[in-house]
Each structure stands twice: as C-alpha cells, then as structure tokens.
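Taking it in order: structure first as structure tokens, then the write-up.
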There are 2 protein chains.
Amino acid sequence: MDKQTKKRLEADGWQVGDAQDFLGLADAEAEFIEMKLALAEDLRARRLKRHLNQTQVARIVGSSQSRVAKMEAADSSVSIDLLIRSLLKLGAARADVAKAVSAQSHARAS
Amino acid sequence: MDKQTKKRLEADGWQVGDAQDFLGLADAEAEFIEMKLALAEDLRARRLKRHLNQTQVARIVGSSQSRVAKMEAADSSVSIDLLIRSLLKLGAARADVAKAVSAQSHARAS
DNA sequence: GTATGATATGTCAGATGCGACATACGTGCC
DNA sequence: GGCACGTATGTCGCATCTGACATATCATAC
C-alpha cells in the first residue's frame, strides 16, 4: 500500500496500521460464504443419512420444503442463523456445528 | 411418551420414532443461545486484546458503537450472522470461529 | 405417454435484523 | 461540582430474511 493511499484511508478513519483488518475485508466475505456452503452441505448430509426428504425436514425444523431446498443450496436468501438453527433441531450438537464451520466445502469453486 | 400422544403426533406429521427431534426442540434454542453468547464473548475478548474501543471496532466492521455493544451483550436483536461476519472482519479465521462456536460460554446461567 | 414423488426456482407479505442517532449510565480526573 | 471517555439502552426507518405458496424440473415406474 503506497503512502498516498494510506494517508487517505487514515483520513477516512481506517485503522491502517493494523493491516489485517483492511486486507481482510474481501476475504472475510469469502470465508463467510465458504462457511455457509459447509453448513449447507452438512445439513443435506444429515438429512440423507436419515433417509428423510426435504418436506420431512421442513416439518422438523418448522419451515417449508422450498426453504429447505434453498438452505441446502446455500441460497443467498438463507442466513447462517437459519442453517445453524436447523442443524440443531436435527439433533446436531454444538461440536458438530463447529466441525462444519471449519470444514472445507466440497462445492466447486465459482 | 404414552401411546396416545405418540399417535396424535404422528397424525400431525411428526417423526416420533426419531426421538431426538421432538425432545430437542427446546434444547436446540438453548444451544443456539449458548453459541451466541460464546461468539459474543469471543468478540469482546478480541477487541480487548487489541486495546480497541467499541467505536473503533464499529468502524472496522462497518457498524456503529451501539450495535457493537449489543453484539457483545448477545442482544436478541443481533444475529449469529452479524457476530460471525464481525469476527471474520476482525481477522479471525474460520477455525477460530469454530472454536468459539463449540466453546462453553462463561456467562452466568439465567 | 403420464402419473407420482422428490427437488428446485420464483414470488410475496409479514417478520426480523440492521446502522444510525439520541441519550443514559458509569468512572476517572481536574 | 463539571468534563471527557467509554459503554449501555431505546427507538426508528429501511433492508434483509422467512415461511408459504405456486410452479417448474427431473427422475422412476407403469
């Protein structure tokens, strides 16, 4: 980062001295999406393991088939909140969620 | 659970045979709140470790001091989405988030 | 073919979450 | 006392998320 840029950013109130923050803004979002994908995959895996269809899962978690489909697809309209709540309602423990959170998703890169 | 109840629930579409789901509905919410508390604590710990105040964190994560305060208090108006996004923007890795997710919160029981 | 079941996609009204602002509370210093 | 700083709490208008519904797509069986 050149001094000019640094100066401007500082004027805007950025903590430029603490490099990680600035460099991480884009990465943070990428990591977030990766997490979402991993959780979505875990949800589907859990469902399949128990031989349930999306409609049955919808009943269990208190939602609808279409939303379950969107959850599994990590649709942009689905929050991590909803994914985690659903996993927990399917019987996942906190440790299971943690595992999914740090897991590498198997989805192909975009 | 007596047979009468079981029958009624099945008629309503519940997967009663799979006990965990039904019994876990309340627990799931409790676990969810515990997770939120743990993430909130981690956020505060990260901030303090770097000797930042809430206003500075607000700038970094793109929010306001009041919302950061609410995040750290695990206020009901803040989502896990926001907590995780904020942690990532503060430089936490996915593994760090996972650790927090499974960590026991130090908050006193209600 | 077409019927049946499962999954995906699009849309919408109502619910929830968000940043921002004002303001209250607390603590230390003068 | 007052002032400065940090944190907490309440509220609000706007944005995003959610369950529900309709409908599409895709298999598999007959």
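Residue numbers begin at 1 in each chain, while the letters A, B, ... track the order of the sequences.
- Residue R85(A) places no side-chain N or O under 4.0 Å from the OP1 or OP2 atom of dT16(C).
- A sub-4.0 Å separation between OP1 or OP2 of dT11(C) and a side-chain N or O of R67(A) is absent.
- At the heavy-atom level, T55(B) lies nowhere under 4.0 Å from the strands shown.
- Interatomic distance, S77(B) OG to K70(B) NZ, rounded to the nearest 0.5 Å: 5.5 Å.
- Within the 3.5 Å criterion, the main-chain N or O of S64(B) finds no donor-acceptor partner in the side chain of R59(B).
- A donor-acceptor pair is defined here as one N or O able to donate and one able to accept, closer than 3.5 Å; no such pair exists between the side chain of D81(B) and the backbone of S79(A).
- Contacts of A69(A) classified as side-chain contact (heavy atoms from CB on, under 4.5 Å), with partners at least two apart in sequence or in another chain: Q54(A), Q65(A).
- Here Q65(B) does not reach the OP1 or OP2 of dA8(D): none of its side-chain N or O atoms lies under 4.0 Å away.
- Rounding to the nearest 0.5 Å gives a distance of 11.0 Å between CD1 of I60(B) and CZ of R47(B).
- Between D96(A) and R46(A) there is a salt bridge, with a side-chain nitrogen of the basic residue lying less than 4.0 Å from a carboxylate oxygen of the acidic one.
- In this structure, CZ of R59(B) is placed 11 Å from P of dA20(C), rounded to the nearest angstrom.
- Remark: the S66(B) side chain and the dC21(C) base include a donor-acceptor N/O pair separated by less than 3.5 Å.
- Salt-bridge check for E29(B) with K89(A): failed, with every basic side-chain N at 4.0 Å or more from each acidic carboxylate O.
- Closest to the N53(B) side chain, of the nucleotides dA8(C), dT7(D), dA6(C), is dT7(D).
- One finds a side-chain N or O of S63(B) lying less than 4.0 angstrom from the OP1 or OP2 phosphate oxygen of dG19(C).
- Atom NE2 in H51(A) sits about 13 Å away from atom P in dT7(C), given to the nearest Å.
- When the options I84(A), D42(A), L83(A) are evaluated for a side chain to side chain contact (heavy atoms under 4.5 Å, CB included) with V97(A), the one that passes is I84(A).
- A heavy-atom distance below 4.0 Å to DNA chain D is reached by these residues of residues 70-83 of chain B, ordered by number: K70(B).
- Taken over five-pair windows at either terminus, the axes of the helix from dG1(C)-dC30(D) to dC30(C)-dG1(D) are inclined to one another by 20° (rounded to 10 degrees).
- A donor-acceptor pair is defined here as one N or O able to donate and one able to accept, closer than 3.5 Å; such a pair exists between the side chain of E41(A) and the backbone of H106(A).
- The nucleotide whose nearest atom lies closest to any side-chain atom of R44(A) is, among dA8(C), dG19(D), dA20(C), dA8(C).
- Atom CD of Q54(B) and atom P of dG26(C) are 16 Å apart (whole Å).
- Atom pair R50(B):CZ and dG6(D):P shows a separation of 16 Å (rounding to whole Å applied).
- Taking atom CD1 on I84(B) and atom C1' on dC18(C), their separation rounds to 17 Å, with Å as the unit.
- Straight-line distance from the CG atom of L52(A) to the C1' atom of dT7(C): 15 Å, rounded to whole Å.
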